[in-house]
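Note sheet for the following structure.
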Amino acid sequence: MNAPGGPGRPLVVIEHLAKSYRRGDQVVPVLEDISLTIPEGDFIALMGPSGSGKSTLLNLIAGIDKPDAGTLLVDGEDITRLGEAQLADWRASHVGFIFQFYNLMPVLDAFENVELPLLLTSLGRRERRERVEMALSLVGLADRMDHKPNELSGGQQQRVAIARALITDPTIIVADEPTGDLDRKSAGEILGLLQRLNAEMGKTIVMVTHDWHAVESARHVVHLEKGELVDAQAAGTDAGPKALETPMNADARRLPPIECRTRSRKISSVLTLARRLDQRRPFPGLSAAIGGASAFIGVSKDFRTA
Amino acid sequence: MYYLRLVFKNIFRHPLRSLLTLTGLVVAIVAFGLLQTVVKAWYAGSEMSSATRLVSRNAVSLVFPLPMYYRDRIRAIDGVTTVCVSNWFGGQYKGTAASNFFPQFGVDHETFFDLYPEFKTNPDELLAWKRDRRGVMVGRGLANQHGFKVGDVVPIKGTIYPGNWEFVVRGIYEPKDDTIIARQFYFRWDYLNEEIKKRFPRRGDQAGVFIVGIADGSRAAEISARMDSEFRNSLAETLTETEKAFQLGFIAQTETIVMAIRLISFVVIVIIFAVVANTMAMTARERLAEYATFKALGFSPGFVAALIFGESLMLTALGGGLGILATFPLAAAVKGLVGNIFPVFKVSGETVVLQAASAMVVGALAGIVPAIRAARVRIVEGLRYIG
Ligand SMILES: Nc1ncnc2c1ncn2[C@@H]1O[C@H](COP(=O)(O)OP(=O)(O)OP(=O)(O)O)[C@@H](O)[C@H]1O
Ligand SMILES: [Mg+2]
C-alpha cells in the first residue's frame, strides 16, 4: 500500500465506460468510451461545461448508477458486476459521499448524522460515539454535536457531511460540487479540509467542480467535454507531484500505512489523522477529543458492514 | 431504538400537517366507535335475551293474540318448566312525547320474575306486587327518569285498550349489570284481563305472546317445533322461536337503519384512509432526496420502505389511540342524550378492538404504496429531487 500524501498504484480503473439516458424513445448518450485511471491517494477535480456528464461519471464511480458498457474497477473489484444489494454494501464500506446541498437528515442532529453510516456496521454504541466525536472534532464541530442542520450554516453543514463521509474510512470520497452552494470563505474551509484529508490521510478524492479555486486544491484536473475526456493534467500550485516535497507531506509519508480495503477492515486512519492534525493545526476541541480517544487508537477494532 | 426514534421525529416534521391528520384520525375513530356503539345498543335487547326462554306468538302476525287456554297445553309439553303470558299494552304516559315513552306489559305475576333472573327484585316488594291487582313493577332506569317511588299512582292512557288506566308502583327492580335494560313497566295480566272483560267483553282471555321457560337451552329448536305442531290446524297456529330470534325479528324491521349506520361508519374509515394516504404520499415525495441519500449511504430499500411504512403506522396508532381514549367520555355524554332510546349505550371491548384494527389497517394501506415507491426510487433520480 502506498504511503499517504501522494498518488500511488491505480485505485480506480475505468475502461471504455459508456452511459446514455433514455428520454421517451430517444437515447441521449452522456458518456462515450471513457477510460481513466485514478491512482490511490489522488485528488482529482473533474471539470467541464454544464451537461457534459461530470455528475454522471462521478455517480458511476460511486456505485449509485450503472453504466451501459465498460468496466469500472475500484481497488481491483469490478463494481459494474455487483447486484443492487451487493453494491449497497460496497458503498457502505468503500465510498464517502459529499453533496452540493449537504444532504443531511433534517431531523437528526450533527452527531446522529455523522453516526448514520456506522449503523450499518457492527460497532457498538460506545465505539460509534468515540468515532463520531473524533470525526466531528476533525472538522472543527465538536461543540455543535447536538445542533440540527437548520441550526448550522451552510459551511458547517458541509463539514458535518465531510465528517459523515469519512466516518467509515472509505476507500474513495466523491464530492459533487461541494462548494457550489457556499460563499468564498466557507468554500475555502471546505477545500482546505478536503485537501488535508488527501494530503495527510491519503484519502483518494474525486471532486466535481466549476470553481477554479477548488481546482487549485486538487492534484489533478480532468476535463470532460460532451461526454469525452479532453485531457488530464496536474493542477494548482500547492497540489500535484510537487506538493509531495513540502515538509508536511514528507512527514506524512513516514506515518504508518492505513489498513483498510477489505470487507472486514480497520478504521484507524481517522484517529491517526486526528492525532496528526493535533500536532499541526489543532481544531477547536480536538485536543480534548484526542485525550479521550488515545487509548482507543491502539485497539482499532475490526468491523464489518452489517 | 434508532429506527423508531427516526420515525417518531419524522412524524412531527410538519407540526401543522401532522396535527390536522391526527385530528382527522381522532374524529374518524371516535365517530366509528360511536356508530358501532349505536349498532350495539340497537341489538342490546336481543343480547340480553336468554337461551332458555322461548317466545310463542300467533303464526299469522304479532298483532293477533293467542287463546289463553294454550297456557296449560304448553305447560304440559315435555321440557317446558314455566309459561308466562305477556301482553303489550302500548299506553301513553304524559302525552305522546318520545322522551316519555316506555314499554308496558301485562304479565303473569306468579312466574314472570322467576323467568327473568337478570332483574333483581326485593322479596317484600315482589310480594306486595303479587298481592295488589293494580300493582306494577318498574325498572330502576325508568323509576329514576320519572321519579317513580313505591306507592305512587301512575296514570296511563290506553291506545290498544282505550281509556284511562291507573297502576300503583309496588316495587322497583334492578338490572343485574349494565348490559341489562331496566326501563320496563310490568303490571299484572289478570288485572288487565278483568278490566278488558268489563270494558271490551269480546277481547277477554287473550294472550299477546307466551314466554316459555325451558330447562335445557340446547333443546330450544326441538321444543319449539313440538309446541308449534301441538297447535297445527287449530284456530290460532303458533310460531315459537327463541327469545333472541324474536327480538331480532323486531330489529329486522329496522335493519335498513342499522345497515345505513354501518355503512356510514365504514365510509368514515374510507375517508380517513384517503386523508392519511394523501399525507403519506406527500411526505414521501418531499423526502425523496433523503431516501436516496439513505440508499447512497448503503441503507437497503427495505429500510427506506420501513421508514415510511412505520411512520404511517405510528401516525395512525397515535390517532387511533387518542380516538379510542376520547370515545369513552363522548359515549357517556351521548348516553346522557339518548338514554331513553338506547338504555344500553356502552363502548364494548369488541368496538375498541374494531377501532384499533381499522386504525392499523388504515396505517398499513396508506403507507404501503409510498413506501414501495420510495424504496424503489433510483438514487440518482432521488438526489436530483433537491430544490
Ligand atoms: N435521468 C436522466 N434522464 C435523462 N437525461 C439525463 C438524466 N440525467 C442526466 N441527464 C443528461 O445527461 C447529461 C449530463 O448530465 P450530468 O448531470 O452528468 O451533467 P453535469 O456535467 O453534472 O452538469 P452540471 O455541471 O450542470 O451539474 C445532461 O445533458 C443531462 O440532461
Ligand atoms: Mg452535475
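Labels below follow one simple rule: chain letters A, B, ... track the order of the sequence lines, proteins then strands, and each chain is numbered from 1.
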Requested in this report: Check whether B/Arg378 gets within reach of chain A through its side chain, its backbone, both or neither, counting any heavy atom under 4.5 Å.
Outcome: side chain

Report task. State whether the number of non-hydrogen atoms from other residues, nucleotides or ligands found under 6.0 Å of B/Arg13 atom CZ is greater than 12. Result -> yes

Report task. Using non-hydrogen atoms and a 4.5 Å limit, figure out which bit of B/Phe294 sits close to chain A: side chain, backbone, both or neither. Result -> both

Report task. Kindly check if the number of other-residue, nucleotide or ligand heavy atoms within 6.0 Å of CZ (B/Phe12) is above 12? Result -> yes

Report task. Identify the heavy atoms of A/Ala92 and B/Gly298 that sit nearest to each other, and give their distance. Result -> CB-CA, 4.1 Å

Query raised in the report: With only heavy atoms counted, which part of A/Leu116 is less than 4.5 Å from chain B, the side chain, the backbone, both or neither?
Result: both

Requested in this report: Assess whether side chain to side chain contact (heavy atoms under 4.5 Å, CB included) is satisfied between A/Val95 and B/Leu297, documenting all intermediate values.
Outcome: CA-CA 8 Å; A/Val95 186; B/Leu297 295 180; over 6 Å; no

Query raised in the report: Contact part of B/Phe303 toward chain A, heavy-atom cut-off under 4.5 Å: side chain, backbone, both or neither?
Result: neither

Requested in this report: Check whether more than 12 heavy atoms from other residues, nucleotides or ligands sit under 6.0 Å from atom CZ of B/Arg17, and answer yes or no.
Outcome: yes

Report task. Could you pull out the closest heavy-atom pair between A/Ile64 and B/Val380, with the gap in Å? Result -> O-CG1, 3.8 Å

Query - B/Lys295 with A/Glu84: basic N within carboxylate O range, under 4.0 Å - result: no

Query raised in the report: Atom CG of A/Asp65 and atom CD of B/Glu381: how far apart are they, to the nearest 0.5 Å?
Result: 8.5 Å

Query raised in the report: So which part of A/Gln100 gets closer than 4.5 Å to some heavy atom of chain B, the side chain, the backbone, both or neither?
Result: neither

Report task. Determine whether more than 12 heavy atoms belonging to other residues, nucleotides or ligands lie under 6.0 Å from atom CZ of B/Phe8. Result -> no

Report task. Can you establish whether the number of heavy atoms outside B/Met259 located under 6.0 Å from its atom CE is more than 12? Result -> no

Query raised in the report: In terms of heavy-atom pairs under 4.5 Å with chain A, which of B/Ser300, B/Ala296, B/Pro301 leads?
Result: B/Ala296

Report task. Report the distance from atom CG of B/Leu6 to atom CG of A/Leu119, rounding to the nearest 0.5 Å. Result -> 9.5 Å

**Report entry** Distance, nearest 0.5 Å, that separates CE of A/Met105 from OH of B/Tyr291
**Finding:** 9.5 Å

Query raised in the report: Hey, what do you get for OG1 (B/Thr293) to CZ (A/Phe97), rounding to the nearest 0.5 Å?
Result: 9.5 Å

Requested in this report: State, to 0.1 Å, how close B/Glu290 and A/Pro106 come at their nearest heavy-atom pair, and which atoms those are.
Outcome: OE2-CD, 3.3 Å

